[in-house]
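Each remark here refers to the structure printed beneath this line.
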Amino acid sequence: MKFHEMYPKDRIYAADFGGKPVTLTIKAVEMKALGEGAKQKTLPVWHFEETTKTFPAVKTNGVCARAMFGDESDEWVGHKITLY
């Protein structure tokens with residue numbers, strides 16, 4: 001497998017931030033199957049106003065968003081989050 005196949009360019013990575021926190025506005029949250037074969041997982045993928053890159057959110061991210069914005073992910077739209 002090639003490096004770019006392991007780490008798709010359409011996703012946000014910590015290295016994109018240049019060591020600084022980045023604040024983004026949630027535009028949408030969708031459930032999406034990621035990976036292939038036995039390693040495929042369905043995760044919530046967050047979309048943002050400020051970039052076309054997406055953020056596949058693990059459960060810890062979702063727990064934090066729920067604590068800040070409520071249980072319904074549709075209500076997260078328009079809220080800002082800071083990624084480190």
Side-chain angles (χ1 to χ4, degrees):
M1 179 182 300
K2 301 229 183 272
F3 183 84
H4 72 276
E5 294 172 324
M6 293 185 282
Y7 305 102
K9 292 180 181 180
D10 66 337
R11 301 203 187 128
I12 293 173
Y13 298 99
D16 296 335
F17 304 152
K20 298 177 183 176
V22 174
T23 300
L24 301 169
T25 308
I26 298 173
K27 179 168 70 173
V29 178
E30 70 170 328
M31 295 301 291
K32 189 172 180 181
L34 302 172
E36 295 181 14
K39 293 188 176 192
Q40 187 176 61
K41 289 189 209 181
T42 300
L43 289 173
V45 175
W46 299 359
H47 299 264
F48 302 101
E49 297 287 343
E50 296 83 1
T51 181
T52 58
K53 290 190 173 193
T54 60
F55 182 73
V58 296
K59 187 173 182 178
T60 300
N61 303 126
V63 168
C64 292
R66 180 182 65 187
M68 292 185 293
F69 310 130
D71 194 49
E72 178 56 56
S73 64
D74 289 343
E75 294 175 8
W76 302 356
V77 173
H79 287 279
K80 294 187 181 293
I81 62 164
T82 301
L83 301 175
Y84 297 88

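Everything quoted here is computed from the prediction, not taken from an experiment.
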Closest approach of [X] to [Y] (non-hydrogen atoms, all atoms of both residues):
{"X": "Arg11", "Y": "Pro56", "answer": "CD-CG, 3.4 Å"}
{"X": "Thr82", "Y": "Pro21", "answer": "CG2-CB, 3.6 Å"}
{"X": "Gly62", "Y": "Trp76", "answer": "O-CH2, 4.0 Å"}
{"X": "Tyr84", "Y": "Phe17", "answer": "C-CD1, 3.6 Å"}
{"X": "Trp46", "Y": "Asn61", "answer": "CH2-O, 3.6 Å"}

>> Checking Phe48 against Thr25 for the side-chain contact (heavy atoms from CB on, under 4.5 Å) test, could you report, in this order, the C-alpha distance in whole Å, the side-chain angles of both residues, the deciding distance, and whether it holds?
In response: CA-CA 5 Å; Phe48 302 101; Thr25 308; 6.0 Å; no

With a 4.5 Å heavy-atom cut-off, do [X] and [Y] have their side chains touching?
{"X": "Ile12", "Y": "Leu24", "answer": "yes"}
{"X": "Val29", "Y": "His47", "answer": "no"}
{"X": "Lys41", "Y": "Leu34", "answer": "no"}

>> Phe69 vs Glu75, test: side-chain contact (heavy atoms from CB on, under 4.5 Å). Steps then yes/no.
In response: CA-CA 7 Å; Phe69 310 130; Glu75 294 175 8; 5.9 Å; no

Look up atom [atom1] in [X] and atom [atom2] in [Y], then write down how far apart they are to the nearest 0.5 Å.
{"X": "Thr42", "Y": "Glu30", "atom1": "OG1", "atom2": "CD", "result": "11.0 Å"}
{"X": "Lys27", "Y": "Thr54", "atom1": "NZ", "atom2": "OG1", "result": "10.5 Å"}
{"X": "Lys80", "Y": "Met68", "atom1": "NZ", "atom2": "CE", "result": "13.0 Å"}
{"X": "Ser73", "Y": "Met31", "atom1": "OG", "atom2": "CE", "result": "9.0 Å"}

>> Using side-chain contact (heavy atoms from CB on, under 4.5 Å), reason through Asp71 and Arg66 one step at a time and then give a plain yes or no.
In response: CA-CA 5 Å; Asp71 194 49; Arg66 180 182 65 187; 3.3 Å; yes

> With distance as the sole test, does Glu49 use its side chain to make a donor-acceptor pair with the main-chain N or O of Ile26 at under 3.5 Å?
Replying inline: no

> Around Gln40, counting heavy atoms of other residues, nucleotides and ligands shown, do more than 12 lie under 6.0 Å from its CD?
Replying inline: yes

